[in-house]
Amino acid sequence: MSPCDDKALSGEDRLIAKYFRPLAKHPGALSLNDDAAVLAPPPGHDLVITKDALVACVHFFANDPPGDIARKALRVNLSDLAAKGATPIGFLLAIALSDTKEEWVAAFAKGLGGDADAYNCPLLGGDTVTTPGPLTISVTALGSVPKDKMVRRDGAKVGDIVLVTGTIGDAALGLALRRGAKWKLGNVQREHLENRYLLPQPRNALAAALRDNASAAMDVSDGLAGDFDKLCRTSHVRAEIEAARVPLSAAAQAALKSDPKLIETILTGGDDYEIVCTVPPGKLAAVHAAAKVAQVAVSEIGTVAAGEGARFTGADGKPLTFARLSYSHL
Ligand code: ADP
Ligand code: MG
């Protein structure tokens, strides 16, 4: 019951039963008929737990397709599990609806269910509330790794090779386009960048290879420059990355050609949901082989050295300086 409005949300139970119960395929979800879910990680495994919240007009546009909003909410969490080398177990969903129509919830649940199946990550439970503020979605994802095998940020060692998956900067450029940026791009390129903002491609297919081979890893969500700097500082190592080695899509290359200053947006803009990791030289071949099987592009962008923090250098060999290293809400 709300202190500001004495009408209890009618139909909350019906909404949950109709749209969310079909997604609760994990036996421990008890068909959403109990106060909580109950489960144990597989024997000999640790639980890996992560949460990301998405707010309308901050993380997505309120008029984005509801199914894509749902998939993004789940995928940003799946990306964290992938970076930790974890296999998904399931997820909890809190959703704060604001003047939301039932058709919206139906489409949201449909998108969510599709990805829950595709990534083998069923709904375990959650909460449904209303808010006078913007629509807000918070997902907590649970995964498992063999005991003590979670890939952490603090394991990078001098001599390790720095790898990054996919391409960097697309989503930040896609967001800029949605906000009205005008660069010389074809329709296909524009769509590619906008889609990369709308719908991340978490690299869960690489999780096992990272678990077996990476010394450190993190998901790139707030910009490669700032995120990788955090990994280096947590590991107490240094890395110098030539910006030219950072993998870019053809669309991002075209945007960068039309405005070289966009390198800052590309490296610090965020929403990539790629993985940056460090791998000892002797294990590189195994990662590349696994990436080929998983059909995930993986690029070597630098080498770990002694020191603290990450530096990005331009074509002239001079360090690139940015107004800010990464996206920050505060
Ligand atoms: P509570 O009394 O704790 O508020 P609810 O009535 O909100 O419980 O929830 C009833 C059941 O429905 C619980 O199993 C809960 O996990 C589940 N549930 C509620 N909202 C959601 C949601 N958005 N997604 C998944 N499960 C939900
Ligand atoms: Mg409740």
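We count ligands from 1, going down the list as the structure has it; atoms in each ligand are counted the same way. Predicted model, so just to flag it, every value in this text is computed and none were measured.
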Need the ligand 1 atom indices (1-based, order shown) with element for anything under 4.0 Å from a heavy-atom of [X].
{"X": "Leu123", "answer": "24 (N), 25 (C)"}
{"X": "Gly125", "answer": "16 (O), 24 (N), 25 (C), 26 (N), 27 (C)"}
{"X": "Glu12", "answer": "7 (O)"}
{"X": "Ile95", "answer": "23 (N)"}

Is the shortest distance from a Lys or Arg side-chain nitrogen in [X] or [Y] to a carboxylate oxygen in the other one below 4.0 Å?
{"X": "Arg178", "Y": "Asp64", "answer": "yes"}
{"X": "Asp229", "Y": "Arg233", "answer": "yes"}
{"X": "Asp219", "Y": "Arg203", "answer": "no"}

Any Asp35 heavy atom less than 4.0 Å to ligand 1:
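No, Asp35 has no heavy atom closer than 4.0 Å to ligand 1.
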Is there a heavy atom in Arg21 that sits closer than 4.0 Å to ligand 1?
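No, Arg21 has no heavy atom closer than 4.0 Å to ligand 1.
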Polar contact flag for Asp34 and ligand 1 (N/O pairs, less than 3.5 Å)
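N/O-N/O distance under 3.5 Å: yes.
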Sub-3.5 Å N/O-N/O distance, Asn33 and ligand 1:
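No: no nitrogen or oxygen of Asn33 is under 3.5 Å from one in ligand 1.
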When you measure from the side chain of Ser258 to the backbone of Leu256, do you find a donor-acceptor pair of N or O atoms at a distance under 3.5 Å?
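Side chain of Ser258 to backbone of Leu256: no pair is present.
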Holding to side-chain hydrogen bond (donor to acceptor under 3.5 Å, both in side chains), I want the full list of residues that pass it with Ser221, two or more places apart in sequence or in another chain.
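Partners of Ser221 under the side-chain hydrogen bond (donor to acceptor under 3.5 Å, both in side chains) test: none.
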Applying side-chain hydrogen bond (donor to acceptor under 3.5 Å, both in side chains), can you list everything that pairs with Gln253, at least two apart in sequence or on another chain?
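Here no residue qualifies.
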Dump the intermediate steps for side-chain hydrogen bond (donor to acceptor under 3.5 Å, both in side chains) on Ser249 and Asp170, then the final yes or no.
CA-CA 7 Å; Ser249 67; Asp170 295 326; 2.6 Å; yes
Examine the proximity of ligand 1 to Leu93 and report which part, side chain or backbone, both or neither, has a heavy atom under 4.0 Å away.
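Near ligand 1, Leu93 shows its backbone as well as its side chain.
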Heavy-atom contacts under 4.0 Å between Ile16 and ligand 1: side chain, backbone, both, or neither?
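The answer is the side chain of Ile16.
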